[in-house]
Amino acid sequence: MEAIKSIDDIRKRVKSLKQDGKTIGFVPTMGALHEGHLSLFRLAQKHADEVIASIYVNPEQFAPDEDFEEYPRELEDDLVKCREEGISAVFAPSDDIMYTGRQFLSIEVDELNKYMDGGSRPGFFEGILLIVNKLFNIIEPDIAVFGQKDIQQFRILQQMVKEFNHDVELVMGPIKRANDGLALSSRNAYLDAEQRKLAPGLYRSLQYVGKQIKDGATNIQLLLEHQKNELEAKGFKIDYLNLFSFNTMAPVKNTEDNNKYILAGAVYLGETRLIDNCIIEK
Ligand code: PAF
């Protein structure tokens, strides 16, 4: 399987699939594909006749001090996986194709990026919206699948689709985990053996607090403080560990019935940033 590099060529491919009456599912990725991505491909295949993947490490969503240079790039291996999964085409453009010259326009996000990853990574979601907006305009898929692990990304993209009238249905793929509970992520490759052993601790904390909330606990802040202390004692550096409203992505102190919440955390083990979350529906 060959990667399609040009916008014209991927458009032609999509057009011919659509002319054959096929519906198009789309899974945008930054490559270094693991079981988590493959589960998104499989989910997309349930919702559409043909699935197109993109592989592009988007420079606009990395701050200057982040891991853009180190981010794993494994295109040849990724293409093998895409072929094995029955992906119909892979769009893997270069930077000069995605960003031709100076960009005069940008997309701003309000409120929804104030906390969680948006709070810690200024410009992150603006960069994601920019690239996904471009990709949606190029591929024009019927459905697009994004993982729950990046739940704030999903929520903000939902808003983009609504406000910018993209004719696409977003589908959220559940988090794929290793046997010990660690959420699969391309960045897990940065962990050394000791950090890898510790890493599922984040999920265990989220699970513990999530269960308490479902069982009716009201002292959520105290529970979270306790888990933060425990994680710190084990060697994690906490970026955030909190309960957020799914709608507003803002922290909440407590839950109310008939609402949807995200119990989410971001931590560092050494230089590696790990994120994870559980959805809580009341
Ligand atoms: O979730 C990701 O891998 C990226 O943020 C995405 C959606 C491919 C945009 O670069």
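Computation of the quantities below employed the complete heavy-atom set of this structure, encompassing side-chain atoms and omitting hydrogens, waters and symmetry-equivalent molecules. Whatever order the structure lists them in is the order used to number ligands and atoms, beginning at 1. Residue numbers start at 1 and run along the sequence shown.
Atoms of ligand 1 lying under 4.0 Å from at least one heavy atom of Thr29, given by number and element, are 8 (C). Ligand-side atoms of ligand 1 in range of Ile128: 5 (O), range being under 4.0 angstrom from any heavy atom. Near Ile131, the atoms of ligand 1 lying under 4.0 angstrom from a non-hydrogen atom of the residue are 9 (C), 10 (O). Listed by number with element, the atoms of ligand 1 under 4.0 angstrom from any heavy atom of Phe146 are 7 (C).
Nearest protein neighbour of atom 10 (O) of ligand 1, counting heavy atoms only, is Gln61 OE1, 2.6 Å. Scanning the protein heavy atoms around atom 3 (O) of ligand 1, the nearest turns out to be Met30 CG, 3.6 Å. The closest protein non-hydrogen atom to atom 1 (O) of ligand 1 is Gln153 NE2, 2.9 Å.
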Go through it in stages, so that I can follow the logic: the residues are Lys228 and Glu225, the test is salt bridge (Lys or Arg N to Asp or Glu O under 4.0 Å), and I'd like the CA-CA distance, side-chain angles, deciding distance and then a yes or no. CA-CA 5 Å; Lys228 278 192 217 173; Glu225 275 317 304; 3.3 Å; yes
* Evaluate the side-chain hydrogen bond (donor to acceptor under 3.5 Å, both in side chains) criterion for residues Glu126 and Asn113: first the C-alpha distance (whole Å), next the side-chain angles of each, then the deciding distance (0.1 Å), finally the verdict. => CA-CA 9 Å; Glu126 285 79 357; Asn113 65 345; 3.2 Å; yes
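One distance of note links NZ of Lys12 with OG of Ser6; it measures 7.0 Å at 0.5 Å rounding.
Under 3.5 Å, the side chains of Tyr71 and Asn58 contain no donor-acceptor pair of N or O atoms.
Checked by atom type and distance alone, the side chain of Gln152 pairs as donor or acceptor with a backbone atom of Leu112 at under 3.5 Å.
Counting only non-hydrogen atoms, the option in Pro28, Ser185, Ser54 that gets closest to atom 8 (C) of ligand 1 is Pro28.
A 4.5 Å side-chain heavy-atom check between Ile213 and Tyr261 finds every atom pair outside the cut-off.
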